[in-house]
Colleague: 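Shown below is the structure under consideration.
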Amino acid sequence: MRIKVINPNTTQSMTDKIGACARAAARPGTEVVAVSPSMGPASIESHYDEALAVPGLLAEIVAGEDQGIDGYVIACFGDPGLKAARELAAAPVVGIAEAAMHMASLVGTRFSIVTTLERTVGQAWHLAETYGMARFCANVRACELPVLELEQPGSNARERILAECRRALDEDGCDVIVLGCAGMADLCDAISQALGVPVIDGVAAGVQLVDAVASLRLRTSKRGELAPPPAKPMTGLLAPFTLPDRSFRHAA
Ligand code: 2AL
C-alpha cells in the first residue's frame, strides 16, 4: 500500500512534518510518500491561496497515477481541489477536513474545530455543511494564528491552540476537538493528553481512512460527476495542464 500525502502549500518544513505524522499514523507495511507541489502559495489561509494551490496539487495527482499510488490525502484543511482530484484519479482521494469530521462523528456526539485565522472559519463551516457534518459541528474557532507561525521554533502556537481547545470544551458543549490545520498534526498527541478527550488530526485520520478504502479495493466511481474531465486545450500559463490522452484511460 502506497499513500501519497500532498501538502498543497509549498513550505517544505511543513511537508516534512506532515510526512512524519502520516508515517506515524500509517499501518505497518503502508508506505507514505509526502510531497508539496512545485508551485503555489507558501501557506493556504484565503480563498485566493486555495485557488492558486490547486493546479500544483492536481499535477501531483496526475504524477501519482503514473507512480502506482493506491490512495491520496489532500493535507490542507480547506480540502482544496478535492473533487477535481477525484476526477483525475482512479485511486481514492480523501481530504483532511472530511476525514477528520467523519472520524470525529464516530467517537463523540459534537465536535468543535480549532483552526488558524478567523478568516478561514467560514470555509470550515462551508465544508461541514457540504459533507453533511454540520449537525455534528458545535463550533469553529480560530486562534488568530498564521499558518507559518506553526513552523517557527519557539512560537507559542501550541499554548494558544490548547487554550482555544479548552474554551471550546468549556463553552461549546462539544466532546471532541478537530484540529483545523495540517500544520497542527504534530501537536495532536500532547493536546489530546492535556484535554482528556479525543482530538482528531486530519492527516492521521486521512491516512487511515484512505488506507481502509483502498484495502477494501474501493476506487473512485467513474460513473457521472467524477468521470475523467472532458478533453480540451488549456491555454496560457495553464497549457501544461492539457491532459494527455492517457489521463482518459478510465473513460467508459
Ligand atoms: C491550512 C492547512 O491545513 N494548510 C495550510 O496551508 N492552511 N489550513 C488553515 N485552516 O489555515
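Counting convention: from 1, in listed order, for ligands and their atoms alike.
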Colleague: Where is the nearest protein heavy atom to atom 11 (O) of ligand 1: which residue, which atom, and how far?
Modeller: T116 OG1, 2.8 Å
Colleague: Counting both backbone and side chain atoms, is some N or O of N7 under 3.5 Å from an N or O of ligand 1?
Modeller: no
Colleague: Does an N or O from I44, backbone or side chain, lie closer than 3.5 Å to an N or O of ligand 1?
Modeller: yes
Colleague: Determine whether R27 and D211 satisfy the following criterion, salt bridge (Lys or Arg N to Asp or Glu O under 4.0 Å), listing intermediate values before the conclusion.
Modeller: CA-CA 8 Å; R27 283 191 308 132; D211 195 321; 2.9 Å; yes
Colleague: In plain terms, say whether E225 and K83 are close enough for a salt bridge, that is, a side-chain N and a carboxylate O under 4.0 Å apart.
Modeller: yes
Colleague: Is a salt bridge present between E164 and R158, judged by a nitrogen-to-oxygen distance below 4.0 Å?
Modeller: no
Colleague: For the pair E171 and R166, find out whether any cationic side-chain nitrogen is under 4.0 Å from an anionic carboxylate oxygen.
Modeller: no
Colleague: I'd like to know if K17 pairs up with E151 as an ion pair, taking the criterion as any Lys NZ or Arg NE/NH1/NH2 lying under 4.0 Å from an Asp or Glu carboxylate oxygen.
Modeller: yes
Colleague: With heavy atoms of T115 as the reference, note each atom of ligand 1 found under 4.0 Å away.
Modeller: 10 (N)
Colleague: So is there a nitrogen or oxygen of G180 less than 3.5 Å from a nitrogen or oxygen in ligand 1?
Modeller: yes
Colleague: Check contact between M14 and ligand 1, using heavy atoms of the residue and a distance below 4.0 angstrom.
Modeller: yes
Colleague: Taking S112's backbone N and O only, do any of them form a donor-acceptor pair with D172's side chain (distance below 3.5 Å, no angle check)?
Modeller: no
Colleague: Do the charged groups of K4 and E65 touch, with an N to O distance under 4.0 Å?
Modeller: no
Colleague: Closer than 4.0 Å to some heavy atom of T120 - which atoms of ligand 1 meet that?
Modeller: 10 (N)
Colleague: Taking distance alone, with no angle check, do S43 and ligand 1 share an N/O pair under 3.5 Å?
Modeller: no
Colleague: Polar-atom distance check: C181 versus ligand 1, any N or O pair below 3.5 Å?
Modeller: no
Colleague: Less than 3.5 Å between some nitrogen or oxygen of A182 and one of ligand 1, yes or no?
Modeller: yes
